[in-house]
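Note sheet for the following structure.
FYI, the numbering just counts along the sequence from 1.
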Amino acid sequence: MHIKWNALAQTAGVSFGVTVAVVAVFALGILALSRREAALSAREGGQASGGAKPALLAGAYACFALCAAAVIYGLVLIAAP
């Protein structure tokens with residue numbers, strides 16, 4: 001039995017990189033939702049604010065959709081015949 005160490009290292013590196021990227025994108029989505037909630041609460045509290053910032057909600061949805069697409073693509077790769 002011969003182990004291809006180079007291929008194993010490449011697979012581990014790509015897996016680590018994709019994992020870090022998905023977690024970072026998910027964290028950006030959570031940050032966008034948090035900032036939107038802060039803007040909403042500031043508006044309700046009577047403070048001058050720029051509004052509810054619908055762009056933050058759209059950005060959060062885009063981040064979560066990107067994460068879901070990465071997970072579904074990984075499942076397709078695993079389940080492919």
Side-chain angles (χ1 to χ4, degrees):
M1 182 164 123
H2 179 70
I3 297 174
K4 297 180 181 178
W5 292 105
N6 189 26
L8 180 64
Q10 286 178 349
T11 302
V14 169
S15 298
F16 181 75
V18 169
T19 300
V20 168
V22 168
V23 169
V25 169
F26 189 81
L28 285 174
I30 295 293
L31 178 66
L33 281 180
S34 174
R35 289 200 176 168
R36 181 177 181 270
E37 290 296 322
L40 283 174
S41 65
R43 189 176 76 181
E44 289 175 0
Q47 297 175 354
S49 177
K53 303 192 182 204
L56 289 175
L57 185 61
Y61 283 156
C63 288
F64 297 143
L66 187 61
C67 289
V71 169
I72 290 170
Y73 180 67
L75 290 174
V76 167
L77 287 178
I78 291 171

Practice task
Spell out, as yes or no, whether a donor-acceptor pair under 3.5 Å connects the side chain of S15 to the backbone of T11.
Solution key: yes

Exercise for the section: Treat each ILVMFWY residue as a node, draw an edge where side-chain heavy atoms are under 4.5 Å apart, and state whether V22 and Y73 are in one component. Expected result: no

Practice task
Spell out, yes or no, whether L57 and F26 are grouped together once hydrophobic residues are joined by side-chain heavy atoms under 4.5 Å, including indirect joins.
Solution key: yes

Handout entry: Within one Ile-Leu-Val-Met-Phe-Trp-Tyr cluster: V18 and V76, side-chain cutoff 4.5 Å
Key = no

Handout entry: Residue pair C63 / L28: nearest heavy atoms and the distance that separates them
Key = SG-CB, 4.1 Å

Handout entry: Side chain to side chain, F64 and I30, heavy atoms closer than 4.5 Å
Key = yes

